[in-house]
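Report on the following structure.
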Protein chains: 2
Amino acid sequence: MKEPAQAKVDKRHLRTVRTREKLLVAARDVFLSQDFQTATISQIIKQAGVGYGTAYVHFEGKDELLIVLMEDVMDRFYKIAEQVFEPRSRADAKQQILEQATAFLRLADEERAMLRVVEQAIGVSYVVRTKWKQIRERFIGQISQDILYAQQQGLARTDLNPKLVARGWFFANEMYLFEVVRGETTAAIDEIARTLTEVYAHGLYRED
Amino acid sequence: MKEPAQAKVDKRHLRTVRTREKLLVAARDVFLSQDFQTATISQIIKQAGVGYGTAYVHFEGKDELLIVLMEDVMDRFYKIAEQVFEPRSRADAKQQILEQATAFLRLADEERAMLRVVEQAIGVSYVVRTKWKQIRERFIGQISQDILYAQQQGLARTDLNPKLVARGWFFANEMYLFEVVRGETTAAIDEIARTLTEVYAHGLYRED
DNA sequence: AATAATATTGACACAGTGTCAATTTGTTTG
DNA sequence: CAAACAAATTGACACTGTGTCAATATTATT
């Protein structure tokens, strides 16, 4: 009844894929139910219902397991960062930046459970830290381009290095992101986004 | 010949103090010669020339050992953050902010060896992370006050929450601090400070 | 059905932590 | 000054978690 021709070849692959999937689902459960440091491979394989060594067949360790899980979350952030940015005026630019910053922090709030784990892992694990740096560079690269565009359109100051400005802007956002994730923010997300945007946009897109 | 009266009582104290000191010196050596995660208590006690358990008598563990070492470094940063800030004009404010930011990043560069360890430890250790948050709040509190002063003097925009602005400003600086520490900066410290300050100062101290 | 290829398994060796009863060192007292 | 006391130091031990690998189970091929 099932696929006859390929079925034989696939059955093994399928098992592999299933095991991998089981491990990922279990890892997610375990990471979310406690945190990255205290989560152990033993807990994960137990939850996944597979043997101990199996985890090491599919992943290099806890770190790599998380990196795979991270990617799904980060994709949602990339979508925000990579929206088209072609403002017609300074007011327009500011409005768009505000929207992006707000969306960014709101998403952080939505994904806070997983990002909490990510933050812990960044600290503990070298590979995760490296991965996070890549992610960050992708954001900063995108912002740099946006700034460059604005400079070319005569909207933004041209006496500043776009890459340096982009880093600074992203850093402030990133730090607030983790504050939101930790639930440590006193202020509302919208106010944070507004404040950051006001300072940044007026500083960079000054009228002269 | 030595102090007759107090000497007896002190000798024991002295031994304790010496052991503690030996451990701190050794910890510093070990942390700097490798990093926080791979450093072990065994290495530290060996370097200090004391027994294994001794480390646990004086400190709760690796974390607390580092926290004590951190404090010395951070004191130097506090000195910068707590300089008087009483600008007479916007240009004056900007100049002072630039000087502070520059001094901050230069000090990061000077203390990079120890700060590298601190950064690693922030990731790994809960107590160190908590300590770092305290340190950060001290900086942010100071900056908030400076902003408030500028607002009261009519130098800065009053439509923004000083605490939120202060956080954002500090976050950008903090992140660059760690980039400097990691030696990952492409740009020169002075240019980073200048860029950050330009955007921040023009964004906050706008003429309206 | 026998053989080959691949996936899974858990026991094992290892590394580091934190504890605590025993030991060493220093202080006080009769 | 020696016995009794107090404080500091010690390292062996029990524990927790990691990563490896030879053995085993499952699937594919001949």
Side-chain angles (χ1 to χ4, degrees), chain A residues 2-27 30-31 33-67 120-121 124-128, chain B residues 2-27 30-31 33-67 120-121 124-128:
Chain A
K2 297 129 204 174
E3 297 83 344
Q6 290 286 59
K8 290 175 207 159
V9 192
D10 275 353
K11 200 165 173 185
R12 210 143 58 182
H13 271 278
L14 190 66
R15 184 162 61 133
T16 309
V17 171
R18 284 240 177 93
T19 306
R20 211 185 123 90
E21 201 53 41
K22 274 194 277 184
L23 280 166
L24 281 170
V25 171
V30 173
F31 285 148
S33 75
Q34 36 196 316
D35 56 38
F36 187 75
Q37 13 237 331
T38 60
T40 68
I41 294 287
S42 302
Q43 290 175 307
I44 294 171
I45 58 107
K46 198 175 163 192
Q47 174 87 4
V50 301
Y52 187 84
T54 310
Y56 288 94
V57 172
H58 294 274
F59 303 93
E60 282 180 17
K62 237 170 41 167
D63 312 16
E64 210 210 316
L65 228 11
L66 183 73
I67 285 183
Q120 294 157 351
V124 191
S125 151
Y126 177 75
V127 273
V128 175
Chain B
K2 297 130 204 173
E3 296 84 345
Q6 290 286 58
K8 290 174 208 160
V9 191
D10 275 353
K11 200 164 175 186
R12 211 145 55 183
H13 273 278
L14 190 64
R15 184 163 59 132
T16 310
V17 171
R18 284 240 178 92
T19 306
R20 211 184 124 90
E21 202 53 43
K22 273 194 277 184
L23 279 166
L24 281 171
V25 171
V30 173
F31 286 147
S33 74
Q34 36 198 316
D35 56 40
F36 188 75
Q37 13 237 333
T38 61
T40 68
I41 293 287
S42 302
Q43 290 174 307
I44 294 171
I45 59 104
K46 198 176 164 192
Q47 174 87 2
V50 301
Y52 186 84
T54 311
Y56 289 93
V57 173
H58 294 273
F59 303 93
E60 283 180 16
K62 235 168 46 164
D63 313 16
E64 210 210 316
L65 226 11
L66 182 72
I67 286 183
Q120 295 158 353
V124 191
S125 151
Y126 178 75
V127 272
V128 174

Quick check: do A/H58 and A/T16 have side-chain heavy atoms less than 4.5 Å from each other? yes
I'd like to check B/F31 versus B/Q120 (side-chain heavy atoms, cut-off strictly below 4.5 Å). Are they in contact? no
What distance separates [X] [atom1] from [Y] [atom2], expressed to the nearest 0.5 Å?
{"X": "A/I44", "Y": "A/K62", "atom1": "CD1", "atom2": "NZ", "answer": "7.5 Å"}
{"X": "A/R18", "Y": "A/R15", "atom1": "CZ", "atom2": "CZ", "answer": "11.5 Å"}
{"X": "B/T19", "Y": "B/L24", "atom1": "OG1", "atom2": "CG", "answer": "11.0 Å"}

To the nearest angstrom, how far is [X] atom [atom1] from [N] atom [atom2]?
{"X": "A/E60", "N": "D/dT18", "atom1": "CD", "atom2": "C1'", "answer": "14 Å"}
{"X": "A/L14", "N": "D/dT26", "atom1": "CG", "atom2": "C1'", "answer": "13 Å"}
{"X": "B/L65", "N": "C/dG18", "atom1": "CG", "atom2": "P", "answer": "12 Å"}
{"X": "A/H13", "N": "C/dA5", "atom1": "NE2", "atom2": "P", "answer": "15 Å"}
{"X": "A/I45", "N": "D/dG17", "atom1": "CD1", "atom2": "P", "answer": "12 Å"}
{"X": "A/Q37", "N": "C/dT17", "atom1": "CD", "atom2": "C1'", "answer": "16 Å"}
{"X": "A/K46", "N": "D/dG17", "atom1": "NZ", "atom2": "C1'", "answer": "15 Å"}
{"X": "B/I41", "N": "D/dT10", "atom1": "CD1", "atom2": "C1'", "answer": "15 Å"}

Go through A/I67 and A/F59 one step at a time and tell me if the side chain to side chain contact (heavy atoms under 4.5 Å, CB included) criterion holds. CA-CA 10 Å; A/I67 285 183; A/F59 303 93; over 6 Å; no
Using a strict heavy-atom distance below 4.0 Å, which residues from residues 47-59 of chain B are in contact with DNA chain D? B/V50, B/G51, B/Y52, B/G53, B/T54, B/V57, B/H58
Can you list the steps and then say if A/I45 with A/Y56 is a side chain to side chain contact (heavy atoms under 4.5 Å, CB included)? CA-CA 10 Å; A/I45 58 107; A/Y56 288 94; over 6 Å; no
Shortest non-hydrogen contact between A/S125 and A/F36, atoms and distance: CB-CE2, 4.5 Å
Minimum heavy-atom distance B/I41-B/G61, with the two atoms named: CD1-C, 4.3 Å
Give the residues of residues 15-23 of chain B touching DNA chain C, defined as any heavy atom closer than 4.0 Å, sorted by residue number. B/R15
